[in-house]
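Worksheet for the structure shown next.
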Amino acid sequence: MAKIWVNSGDSHVMEPDDLWTEALPQRLADRAPRSERGEKYEVLYIDGERIDRQLNDFMDAMRPPGAKDLDVRLKDLDQEGVWSQLAFPSMGFWLVSITERELARETVRAWNDWAHSEILGRNKRVITPACVSTADIDDAVAEVERVAELGFKSVFLPCSTRPGEEYALDRWEPLWTAAERAGVVLAFHIGTGGENVVFRGPGGAVVNYMETTYPGMRVVAHMVAGGALDRHPDLKILIAEGGAGWVPAIGDRMDEAYRQHGMFVRPKLSRLPSEIIRQQVYASFQHDKSSVEIVEATGYYNVMWGDDYPHLEGTYGHTQSTLHELFDGVDDKIRERVTRGTFNELFSPPEQTPEE
Ligand SMILES: CC(C)(COP(=O)(O)O)[C@@H](O)C(=O)NCCC(=O)NCCSC(=O)[C@]1(C)CCC[C@@]2(C)[C@@H]3[C@@H]4C[C@@H]5C[C@]3(C[C@]5(C)O4)[C@H](O)C[C@@H]21
Ligand SMILES: [Mn+2]
């Protein structure tokens with residue numbers, strides 16, 4: 001089978017265990033996110049809070065050779081046919097749980113400086129979003145301005161927020177303004193900002209997998225209906241790892257709400273929700289056939305494939321067979337858009353050198 005070369009809008013870096021102990025004074029490093037192997041679960045400590053995380057066997061699941069080594073990762077990518085990756089944090093995901101201002105600001109800054117020197121500074125194919133404080137919007141704005149200067153093209157935000165901090169609220173407006181002005185994409189990754197295991201019982205594994213998808217839909221509802229994207233027409237948001245088939249469907253439902261409940265709608269928008277979604281909302285998927293099918297069926301083109309490397313939910317080891325299943329027989333324009341074009345539009349990776 002001919003090799004299909006793609007870009008990945010959803011991958012992950014795995015940070016060195018000493019990222020924060022190396023970068024921060026002891027009084028802050030001791031409170032930064034830390035992972036320990038418990039009896040049955042990985043145990044996470046964040047600013048003194050203990051969270052029982054993944055089942056250990058989940059954590060021990062197959063890991064590609066390059067998960068923690070950039071040079072080896074690039075060889076993995078050549079083998080799998082992935083040219084460029086937007087690589088989200090791993091331990092850095094838990095920074096969004098920090099509510100104390102100084103700790104949030106300093107741990108985020110340290111993560112960004114590590115990514116800038118160890119990833120962006122050492123290669124052009126793998127890029128990361130930057131992290132920002134969710135504890136203080138002024139700090140988040142300052143960090144967006146700083147990292148944009150450093151060359152970051154996106155900023156990671158959690159899909160779930162603390163109560164009273166929902167994305168439709170004015171609290172976030174300075175961040176939307178700064179991100180639009182800096183030309184950075186807001187990259188929301190599913191399964192972040194809240195509990196990922198909310199049900200234990202029959203079907204738990206699948207039910208919880210679905211439960212982490214819904215907050216991605218909520219982000220779109222708040223950013224569209226709350227007016228943020230209408231007020232900032234150059235701002236683009238990505239919902240990573242949540243699939244893409246649902247995006248045009250919620251556009252229809254939001255249009256129906258906007259029309260049928262018009263007497264209750266505020267703020268009024270200059271465009272229908274479904275138009276805003278087609279112009280400013282992007283989504284990534286790994287295996288879903290429906291994420292490809294809806295492009296032609298609905299005219300929603302902001303679909304981006306992702307390898308979710310090095311996670312279990314990703315395609316490492318079966319990328320090419322997945323890509324052929326997804327794209328063989330699909331219109332070339334749609335296949336090019338989903339496998340590379342959407343990523344190129346958002347992140348302009350370097351031109352791909354011909355395969356050796
Ligand atoms: C769900 C249970 C506990 C049910 O068990 P029972 O039947 O009652 O005995 C069991 O099946 C299980 O532990 N499964 C392991 C997977 C899992 O934790 N599932 C949660 C929902 S899925 C999820 O949270 C995603 C969205 C997808 C899997 C990877 C995921 C956990 C990743 C993984 C782990 C960690 C969290 C993270 C980023 C991170 C750095 O990589 C996302 O925030 C989130 C994400
Ligand atoms: Mn992912």
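Nothing fancy with the numbering, it's 1 onward along the sequence. We count ligands from 1, going down the list as the structure has it; atoms in each ligand are counted the same way. All of these numbers come straight from a predicted model, not from anything done at the bench.
Donor-acceptor pairing under 3.5 Å is lacking for the side chains of Asn196 and Asn208. Ser84 and Arg340 are not linked by any side-chain donor-acceptor pair at a separation below 3.5 angstrom, with hydrogens and angles left out of the test. Glu15 and Trp114 are not linked by any side-chain donor-acceptor pair at a separation below 3.5 angstrom, with hydrogens and angles left out of the test. Side chain to side chain, Arg125 and Gln352 fail the donor-acceptor criterion of an N or O pair below 3.5 Å.
Across the listed options Met14, Glu195, Glu211, Arg200, Arg200 owns the non-hydrogen atom lying nearest to atom 9 (O) of ligand 1. For atom 27 (C) of ligand 1, the choice among Glu313, Glu42, His311, Met91 with the nearest heavy atom turns out to be Glu313.
Within a 6.0 Å sphere centred on CD of Glu149, heavy atoms belonging to other residues, nucleotides or ligands number 12 at most.
Residue Phe93 approaches ligand 1 through these ligand atoms, each under 4.0 Å from one of its heavy atoms: 38 (C). Residue Ala205 has at least one heavy-atom neighbour below 4.0 Å for each of these atoms of ligand 1: 11 (O).
When distances to the Mn ion (ligand 2) are checked against a cut-off of 2.8 Å, Asp10 contributes an N, O or S atom below that limit. Because the distance cut-off is set at 2.8 Å, His311 fails to qualify as a neighbour of the Mn ion (ligand 2), as none of its N, O or S atoms comes that close.
If you look at Thr212 next to ligand 1, the close heavy atoms, those under 4.0 Å, all belong to the side chain. With a 4.0 Å heavy-atom cut-off, ligand 1 is reached by no atom of His12. Under 4.0 angstrom from ligand 1, there are no non-hydrogen atoms of His189.
As for His189, its N/O/S atom nearest the Mn ion (ligand 2) is the one called NE2. Between the Mn ion (ligand 2) and the N, O or S atoms of Glu241, the shortest distance is to OE1. The atom of Asp308 nearest to the Mn ion (ligand 2) is OD1, with the search restricted to N, O or S atoms.
Ring centroid separation for the pair His12 and Tyr309 does not come in under the 6.0 Å cut-off. Here Phe188 and Phe156 keep their ring centres 6.0 angstrom or further from each other.
Every residue meeting the side-chain contact (heavy atoms from CB on, under 4.5 Å) condition with Asp139, not counting sequence neighbours, appears here in chain and number order: Arg101, Arg105, Ser133, Asp136.
For Glu165 and Arg162, the salt-bridge test passes: some basic side-chain N is under 4.0 Å from an acidic carboxylate O.
For a threshold of 3.5 Å applied to N or O pairs, the pair formed by Gly191 and ligand 1 contains at least one separation below that value.
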